[in-house]
Amino acid sequence: MSAAMDTESTYSGYSHYSGHSKKAHRQGRDRHKSPRSKDGSRSEKSVTIQTPPAEPLLGNDSSRAEEGQDDNWGETTTAITGTSEHSISQEDIARISKDLEDSVGLDCKRYLGLTVAAVLGLLVFLTPIAFILLPQILWRDDLEPCGTVCEGLFISVAFKLLILLIGTWALFFRQPKADLPRVFVFRALLLVLIFLFVFSYWLFYGVRILDSKDTNYQGIVQYAVSLVDALLFIHYLAIVLLELRQLQPMFTVKVVRSTDGESRYYSLGHLSIQRAALVVLENYYRDFTVYNPALLTASKSRAAKHMAGLKVYNVDGPGNNASGQSRAMIAAAARRRDSSHNELYYEEADHERRVKKRRARLVVAVEEAFTHIKRLQTEEQQKAPGEMMDPREAAQAIFPSMARALQKYLRTTRQQQYHSMESILQHLSFCITNNMTPKAFLERYLNPGPTLQYDRDRWFSKQWTLVSEEAVTSGLQDGVVFVLKCLDFSLVVNVKKIPFIKLSEEFIDPKSHKFVLRLQSETSV
Amino acid sequence: SYLISFSFQQRIEIHKLRQGDNLILGFSIGGGIDQDPTQNPFSEDKTDKGIYVTRVTQGGPAEVAGLQIGDKIMQVNGWDMTMVTHDQARKRLTKRNEEVVRLLVTRQSLQKAVQQSMMS
């Protein structure tokens, strides 16, 4: 990158900008990121449950923003210097300790669950083999010889065990993609069922066969076969309970982001609230446009102006009539003739015009830049050997001509933080390699895309908390509302039941498709 | 007082007016057994497929003879007009060798009936 900088000067301004952009903002981000730096290696997101808190949730947006500006802050707290780079505020200490607890607790729980399941699985798998082998080992001489039927049963046991193994591997041996706060009820039930089942079989075996040293080997083998059959049926039950039951859509779920009102609808089946939250979050990263705090400044400044417009003084002394105060404020605000709606309208119209202009300039610049690049065919390679470049060099060659237009457009749409120069160059060389048109190259920059498209550092949303009034293992019902909170915003989820549809049929005889021409003419005589 | 609706028949004699090469009567007809009776604004019964007078030109022979808009034409010169197509009706009214047409029309009328008892 530095070599390119030396040859061209038009985009040095851009690199300057990316180096100094929002230093304070980034520091704020880094502080909160510190204990979670190992998130980069972990690919799953953790969801922790939190009962509705009595004190404000950690990482409250307004308190962070006003850290240096709050008037009362200096009076009530004594030892905290929140604006210095190297100190940690009280909030951070509390958050670090909470994170440590959470991470240790969750990991333990998850690995414990996995170990139990694995041990149980191994036990269950080895049980039929043990049933068949133990008599051979312990009282081989007394056993009746194994006839044809009995040996046939060996084959069937072997294959059924193989099928069971493959089925279990397919169903259960998957990388866990998320960490849920409570135990997965159906899985726990199934484990208990399997355990009881195998335990009762062992009990029977121990009492009736081991103790009495039964000599009917065929009966023993058939007993083992019946165990494997029953295990296959339990596996079927597991498929139905864990996989099939939630496939049929029963509920429509509306997800609204609290900061800008972007909403989506999803269809879900019978799921518990925590699993529904998981589905919603997985779809969030794909469907919702990335959260951009820079877009909210306009509405925040308007809100601040509203608040600053009126001050209420209580001249009657103590006896604070808070509701009366607020009502008086609202009434006065309604009566006041403020032209903020006018400002908003003109501001928005102006902004749209500016964006459209910059977009037009950008599209033209990119199209012109792309015309300079031509893919070399193999015949032409001999003709102009000196000019051959690989995609990266080609991208660096045409980037300066469009850099300024692109930078201006990104600034106008407030997306400049999401695209660094390196990422733009990479994308450009990717598009050149794959023979994409200028419009395909621009698709990523013209409109904000889903969160997955951007760098992980810019996500603003990695740790989620599920806030719900009902228990999170209870199933979805009509009218359930739960909230998925992360540090900067929250997703409010509203569940509605899909209505019962009554469909009736009406038969139309194909011979009834006959028509007459009905006129209404008027003739003068 | 209240309104009574009834229909009465009337005989109307129209003398055709010569306009250039044509003999005109000065009104327009609508309806016919091949037409849509539900669109007739003048009929009381919307299944009535008879011929109705839809327009009467000012000062024309029909107006002079007393034909009114909304009249149903029952006969023309003795020919029945209650079960004819629109085109047949037109032909019967515009015969080139006839100078006078005698129509039998039905007209609906609303009259206010004044209760005699109240007056006395």
Side-chain angles (χ1 to χ4, degrees), chain A residues 247-256 261-270 287 334 341-342 344-346 348-349 352-353 356 447 476-480 494-525, chain B residues 12 14-17 19 22-43 46-58 60-63 65 67 69-71 73 76-77 81 84-96 98 101 103:
Chain A
L247 287 182
Q248 192 178 34
M250 296 287 299
F251 298 99
T252 305
V253 149
K254 177 175 182 179
V255 185
V256 182
E262 186 166 345
S263 63
R264 289 276 185 291
Y265 286 88
Y266 299 113
S267 284
L268 296 178
H270 277 294
D287 290 330
H341 59 279
N342 232 359
L344 174 63
Y345 169 68
Y346 282 115
E348 281 194 346
E352 260 203 51
R353 210 170 41 86
K356 280 193 180 150
N447 299 308
L476 290 177
Q477 302 283 334
D478 188 31
V480 158
N494 203 344
V495 178
K496 285 201 183 9
K497 199 171 157 70
I498 294 179
F500 180 75
I501 296 170
K502 206 168 161 62
L503 196 62
S504 55
E505 92 168 282
E506 184 181 325
F507 176 68
I508 293 185
D509 189 359
K511 291 197 271 258
S512 72
H513 291 312
K514 299 224 182 299
F515 296 92
V516 291
L517 194 60
R518 315 213 69 159
L519 303 168
Q520 185 59 26
S521 36
E522 193 185 0
T523 322
S524 57
V525 293
Chain B
I12 293 181
I14 305 178
H15 296 264
K16 291 189 188 178
L17 181 66
Q19 251 190 17
N22 302 321
L23 286 166
I24 63 160
L25 287 158
F27 66 97
S28 299
I29 53 166
I33 53 176
D34 58 338
Q35 304 284 308
D36 183 4
T38 58
Q39 297 193 34
N40 188 346
F42 304 108
S43 58
K46 288 304 170 190
T47 58
D48 182 9
K49 292 186 176 179
I51 306 294
Y52 280 78
V53 175
T54 54
R55 225 180 326 150
V56 177
T57 51
Q58 286 261 24
E63 194 188 15
L67 192 65
I69 184 174
D71 289 351
I73 302 176
V76 171
N77 285 347
M81 297 287 266
V84 293
T85 66
H86 189 86
D87 209 37
Q88 283 171 340
R90 180 189 59 82
K91 283 189 185 145
R92 292 213 184 126
L93 284 165
T94 53
K95 282 193 159 37
R96 292 181 85 73
E98 286 177 353
V101 285
L103 311 175

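For the numbers below, each heavy atom of this structure counts, side chains included, while hydrogens, waters and symmetry mates do not. Chain letters run A, B, ... following the sequence lines, proteins first and then strands; every chain starts at 1.
- Within a 6.0 Å radius of CD in Gln248(A), no more than 12 heavy atoms belonging to other residues, nucleotides or ligands are found.
- Within the 4.5 angstrom heavy-atom criterion, atoms from both the backbone and the side chain of Ile29(B) approach chain A.
- In this structure, Gln35(B) contributes its side chain and Ser521(A) its backbone to a donor-acceptor pair below 3.5 Å.
- Interface check for chain A: of the options Leu93(B), Thr94(B), Thr54(B), the most heavy-atom pairs under 4.5 Å are formed by Thr54(B).
- Within 6.0 Å of atom NZ in Lys95(B), more than 12 heavy atoms from other residues, nucleotides or ligands are found, so the atom counts as buried in its surroundings.
- Applying the 6.0 Å contact sphere to NZ of Lys46(B) captures more than 12 heavy atoms from other residues, nucleotides or ligands.
- To the nearest 0.5 Å, atoms CZ (Arg55(B)) and OG1 (Thr523(A)) are separated by 10.0 Å.
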